[in-house]
Amino acid sequence: MFKSTYTSIAIVATLFISLSTCQSPVVEEKAPAEEPTFSYHKEQQQFKKASDGCKSDSNECAIIEIDFPQFKEPGAVFKQINDSILHYIKTSLSPEDMGNVATLDDLGNRFIQDYNEYTAEAKTRAEEDNSDPFITPWSIETYGTVTFESPKLVSIELSTYSYTGGAHPNTTVTLLNYDTKTGKAITIKDLVKDQRKLVQLAEKKFRKTHEIAPNANLNDQGFFWDGKFQLPANIGLSGEGIWFFYNSYEIAAYAVGPTEFVLSWEELGDLVDQSKVVGQK
């Protein structure tokens, strides 16, 4: 009797195990793969130059360091974009309008020559005054990067730090936007349908950035000398939305520094003509 009972239990257990092993295996669901980020072929180009004094005297030194993107896509359109980026790079090296006729090397040599003349004059004055010469190092450092790219357009940021004497160095940001079908520069007016509404949204975001009350006079808060809000000279695109950048001195005293903020695509809504931002390569 006991033998029969144990036999029955064994048979049931065997059947249960068999049924369990015949069930379809559980397949773990995988998250969908992210769509690849759109990107053009491009490379960073470098240009460096230093005065002879940098090798032996760190205080008597002039340095140029430039790193900027150049597109490797074929055709006249991207050549035009590359030439335009290079032109802005050159203007950071020369206060004069030499960007169309001089090479980077020419402009670098000119910068070093100006520095050598400056140090020679400082030494001459010090000798005449029987004092120690006051000489400071000079430098120009520019870094460029692509902040946004789509089959329709690209945006570039050029950030430049420069010091050539004076009370303080200068740092500026230049934002460039190009149509990749024509190579022409585009502005915010090419992208946003309602400029009046854009100004309203931008002012609201500006006030929020600086914690300024909606009805407060902007001039009383240290911005916009005439008290009227204006869009910055530099407006670009990023993955988050439209990027607004005010350089030092543009809307306030130097001590205030730059101001920047982004209006997200959600905040902009249908103000942006999406057909001019995205497209097919």
Side-chain angles (χ1 to χ4, degrees), residues 37-45 47 66-104 106-107 142-160 172-199 201-202 230-247 250 260-265 267-281:
T37 302
F38 183 88
S39 178
Y40 288 104
H41 296 96
K42 53 191 176 295
E43 291 181 358
Q44 291 292 118
Q45 303 293 317
F47 175 79
I66 300 175
D67 188 305
F68 62 101
Q70 291 281 268
F71 292 94
K72 297 303 179 181
E73 299 284 341
V77 168
F78 280 93
K79 182 182 184 306
Q80 182 175 337
I81 294 174
N82 286 338
D83 289 345
S84 179
I85 295 171
L86 183 57
H87 172 76
Y88 281 95
I89 292 292
K90 289 178 179 178
T91 58
S92 70
L93 288 177
S94 174
E96 303 170 7
D97 187 17
M98 299 175 60
N100 292 324
V101 296
T103 65
L104 277 178
D106 292 335
L107 294 171
T142 297
Y143 181 77
T145 184
V146 178
T147 64
F148 182 88
E149 50 192 320
S150 78
K152 197 68 177 178
L153 59 85
V154 293
S155 293
I156 315 295
E157 175 197 1
L158 299 178
S159 179
T160 299
T172 60
V173 167
T174 301
L175 302 179
L176 309 172
N177 309 289
Y178 300 99
D179 187 319
T180 58
K181 300 300 181 183
T182 65
K184 295 181 179 179
I186 59 176
T187 68
I188 191 64
K189 292 182 179 180
D190 298 316
L191 301 175
V192 177
K193 303 172 183 178
D194 189 337
Q195 289 291 300
R196 184 185 62 84
K197 181 64 174 177
L198 175 67
V199 171
L201 285 177
Q230 295 179 357
L231 296 178
N234 289 286
I235 299 176
L237 298 178
S238 70
E240 292 76 24
I242 296 182
W243 181 19
F244 300 79
F245 197 100
Y246 298 87
N247 281 297
E250 188 175 348
E260 61 178 304
F261 58 87
V262 173
L263 282 176
S264 68
W265 300 119
E267 290 172 315
L268 290 161
D270 60 2
L271 275 181
V272 176
D273 187 347
Q274 292 292 333
S275 67
K276 294 182 179 181
V277 177
V278 298
Q280 298 297 318
K281 185 177 180 182

Check: How long is the gap from CD1 on I235 to CG on L176, to the nearest 0.5 Å?
Finding: 13.0 Å
Next item on the list: First locate atom CD of E157, then atom CG of L175, and finally report the distance between them rounded to the nearest 0.5 Å.
Entry: 6.0 Å
Check: Of all residues at least two apart in sequence or in a different chain, which pass the ring pair (Phe, Tyr, Trp, His ring centres under 6.0 Å) check with F68?
Finding: none
Next item on the list: Would you indicate whether K197, at its atom NZ, is surrounded by more than 12 heavy atoms from other residues, nucleotides or ligands within a distance under 6.0 Å?
Entry: no
Item checked: Atom of F261, atom of A202 and distance for their closest heavy-atom approach -> CZ-O, 3.5 Å
Margin query: Testing the basics here: between Q195 and I188, what is the closest heavy-atom pair and its distance to 0.1 Å?
Written below: NE2-O, 3.5 Å
Notebook entry, point to check: For the residue pair I156 and P69, what are the closest heavy atoms and their distance?
Noted result: CG2-CG, 4.1 Å
Checklist line | Least distance between heavy atoms, V173 atom then N234 atom | finding: O-ND2, 3.2 Å
Note to self: Ignoring hydrogens, what is the shortest heavy-atom contact between V77 and K181? Give both atom names and the distance.
What the structure shows: CG2-O, 3.6 Å
Item checked: salt bridge (charged side-chain N to carboxylate O under 4.0 Å, His left out) pairs, two or more places apart, involving residues 78-87 -> K79-D83
Notebook entry, point to check: So, does Q44 use its side chain to make a donor-acceptor pair with the main chain of G144 at under 3.5 Å?
Noted result: yes
Margin query: Testing the basics here: between E149 and Y40, what is the closest heavy-atom pair and its distance to 0.1 Å?
Written below: OE1-N, 2.8 Å
Next item on the list: List for me each residue that meets ring pair (Phe, Tyr, Trp, His ring centres under 6.0 Å) alongside F71, sequence neighbours excluded, and say none if there are none.
Entry: F78
Item checked: Residue pair S155 / N177, side-chain donor-acceptor N/O under 3.5 Å -> yes
Check: What is the distance from atom CG of L93 to atom OG1 of T103, rounded to the nearest 0.5 Å?
Finding: 10.0 Å
